[in-house]
2 protein chains.
Amino acid sequence: MTDSLKNIESLIQQKDLYSIPIDDFFKSAFSVDCVIFGYHDCQLKVLLIERGTEPFENYWALPGDLVYPTEDLDFAASRVLKDLTSLTDISIRQVKTFGKVNRHPLGRVITVAYTTLVETTELNPYASSWAKSTAWHSLKEIPQLAFDHLEILHEARNELNALVISEALWSQVLPAKFTLTQLQEVFETLLDKKLDKGNFRKKIQEYTFLQKLEESQKNVNHRPSQLYCFDQDLFNKAIIKGFNFEM
Amino acid sequence: MTDSLKNIESLIQQKDLYSIPIDDFFKSAFSVDCVIFGYHDCQLKVLLIERGTEPFENYWALPGDLVYPTEDLDFAASRVLKDLTSLTDISIRQVKTFGKVNRHPLGRVITVAYTTLVETTELNPYASSWAKSTAWHSLKEIPQLAFDHLEILHEARNELNALVISEALWSQVLPAKFTLTQLQEVFETLLDKKLDKGNFRKKIQEYTFLQKLEESQKNVNHRPSQLYCFDQDLFNKAIIKGFNFEM
DNA sequence: TCAAAAGTGTTATAGGTACACCCATGT
DNA sequence: ACATGGGTGTACCTATAACACTTTTGA
C-alpha cells in the first residue's frame, strides 16, 4: 500500500469525522441523498434543506451526506433521516444511483438516492451543520435545486408509487388506528387519482392485513367510522406468498 | 488539498489505468458489476467470469470493474459489456447499488449493479485482464460466487421481468424479422410461465409497435409463419403516452 | 329533522382464460 | 393424405367502474 493511502486510512479511522477537511473526502467520494416525502391531510410535500456551504450555498437541496468509511450505505441514509427528523424505525428505500462525472463541481461524487414517506405534522426538521434551514415544500412549488437534485426528486417521485404499494409505505403516515376514509385519502394523494369509495372498500375486505377493530370514532357529528389497524407481519406473509397488492 | 490527495489525483489522471497498483483504487472505490443475461432457444443464461486474481481467485463472479474517475457510471457498465462481448448499442440498465462495509475483503468498495439481456448464439465472450475465462451458466446451475454476487444476481433476475416489459429488452434477443411464436417463447422463458397462443396473439394485435411484414417464413414443413418487426420509436411514443405494456 | 359522512348493493362492461377448431405447407 | 405448427373464433367468467341507495351520528 502506498504512503498516500496510509494517510487517508489514518484520517478516516479517526472517530470525529466532521473534523476532516471537506477536500479530503473528494476526488472520489460517495454520498447518499434522501428524498423524504411528507404526508398530512391530503398534502404531499418533500423535505428540502437550504445549503449553508459552498458549492451551491443558499440553494435549496435534498438532504444528504457523504458516506463514512465505516457505515453501510443504508445506515448512512437512515442517519441523514434521523439527524433531520429524529425519526428512527422508518424504512428508507434505495431509488437509484447517480454517477455523472461532472454532477458535483468539486470533484467526483457518486450519490445513492433514497426515499421514504413520513407524517409531517408535529415533525420539526432540525437544521444541521450543513443546512442553514429546512422546510417542507409542496411538490407544485419546488425552487431551483442544487446539483442534479431535481432529477433525483423526479425519479424518487416515480418510485414512490411503487413503494407505497409494495412496501406498505402508507402505513408510516397513518396513526395506529385509522378509518378507511383516511386510508383512501392517503392512496388518492400518493397515487394522484380519485378512487371510488364503494370499490375501494370492497378491495380492502380481501386484505387480511387490514383488520377491523371493535372500536369506532367518537365525538364526530356524523356516523362514526370503524377503526382499522395494519398488521405488518400478515402483510409480509402475503407478499411472500406472491400476493400482489394493487389499487 | 492535502498532499496525499494530490498524489492520488496524479495517479488517476494517467492514461493507462491498468498500470495503477490495485491497492491504490481501494479504501474508497466504486465499481460496476454487470449481470448479463443471455437468451437463446428458450434458455436463459447468465455470463460469469472466472477470476484470475485475488481476492476470490478461481471463483466464478459477475463481470465488473472499477469505475474510472473520468467516465460516467453508465459508460463504465457499457464498457464492461463491450470488453466481454464486443457488443455496443445494447441498452444496459441500473439495478441497485450494494454498499455493505465488508462486502469486499480488500477495502471499501461500493458497487452499482447493471443488467441487460443479449442473444447468446455466436457470441464469443472474451477473457480479459481480470478474467481467466468466461462462460454462460444456466440459472439452475450457478456455482459458488465471489463477494455478494449471488445476491446481486438474484436482485437482477427480479428486475429483469420488469425491464423486459418496460424497456422492450426482449427486442435485443430476436432477429430483426421474427415470428409471433418466437416472440411468445421469449416471453415464456423470461417470465417463466406458459402463455396461451390465442390470447397472446390477441394482445399483440393491439400493439402498433409490432408490425406485420409482407414476408413470411420459407422452407418449413408446415404452414409458414408471418414475420413481424419491432419499431422502437413507436414503442417509445406509446410508453410516453402512458401506455402500459403487459403480458 | 337535517346535514354530513359512513357504509352497502346493483348493474353494465371490459378483459382475461380456456379451449376448440381451421389453415397452409413439405413430405 | 397426414403430420406439423400457424392462425382464428367463441363462450365463459371475473374484475372493475359507475352510481344509487341506506345508515348512524351530533346538532
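Each chain gets a letter, A, B and so on, in the order the sequences are listed, and its residues count up from 1.
The OH atom of A:Y228 sits 11 Å away from the C1' atom of C:dA6 (whole-angstrom rounding). Between the P atom of C:dA18 and the NZ atom of B:K193 lies a distance of 11 Å, rounded to the nearest Å. Rounded to whole Å, the distance from CG on B:L195 to P on C:dC19 is 15 Å. If you measure from atom NZ of B:K197 to atom P of D:dT8, you get 10 Å, rounded to the nearest angstrom. In this entry the distance linking CG of A:L227 with P of C:dG7 reads 9 Å, nearest Å. Computed from coordinates, the B:L180 CG to D:dG7 P distance equals 6 Å when rounded to whole Å. Per the geometry, CG belonging to A:L183 stands 18 Å off P belonging to C:dA5, to the nearest Å. Atom NZ in B:K218 sits roughly 18 Å away from atom C1' in D:dG5 (whole-Å rounding).
Between A:S225 and C:dG7 there is a side-chain N or O to OP1 or OP2 distance below 4.0 Å.
Proximity note for A:P224 (side chain, C-beta onward) versus D:dG7, D:dT24, D:dA18: the nearest is D:dT24. If you check D:dT23, D:dA18, C:dA4 against the side chain of A:R223, the one that comes closest is D:dT23.
If you find the closest nucleotide of DNA chain C to A:D196 and to A:H222, the one lying nearer the 5' end belongs to A:H222.
As judged by a 4.0 angstrom heavy-atom cut-off over every strand, B:Q226 is placed among residues touching the sugar-phosphate backbone only. Among the heavy atoms of the strands lying under 4.0 Å from A:T181 are primed sugar atoms or P, OP1, OP2 only; no base atom is included.
For B:K203 and B:Y207, the positive end is not near the middle of the six-membered ring at less than 6.0 Å and at most 45° from its axis.
Residues of residues 198-214 of chain B having a heavy atom closer than 4.0 Å to DNA chain C, listed by number: B:N199, B:K202, B:K203.
For B:Y39 and B:W170, the ring centers are positioned 6.0 Å apart or more.
By the 4.0 Å N-to-carboxylate-O rule, B:K100 lies too far from A:D72 to be salt-bridged with it.
A donor atom on one side chain and an acceptor atom on the other are found under 3.5 Å apart for B:E50 and B:S133. Inspection of the B:Q172 and B:S91 side chains reveals an N or O donor paired with an N or O acceptor under 3.5 Å.
Looking at heavy atoms from C-beta onward, A:S78 lies out of side-chain contact with A:T88 at the 4.5 angstrom threshold.
The structure places CG of B:L234 at 11.0 Å from CZ of B:F243, a figure rounded to the nearest 0.5 Å.
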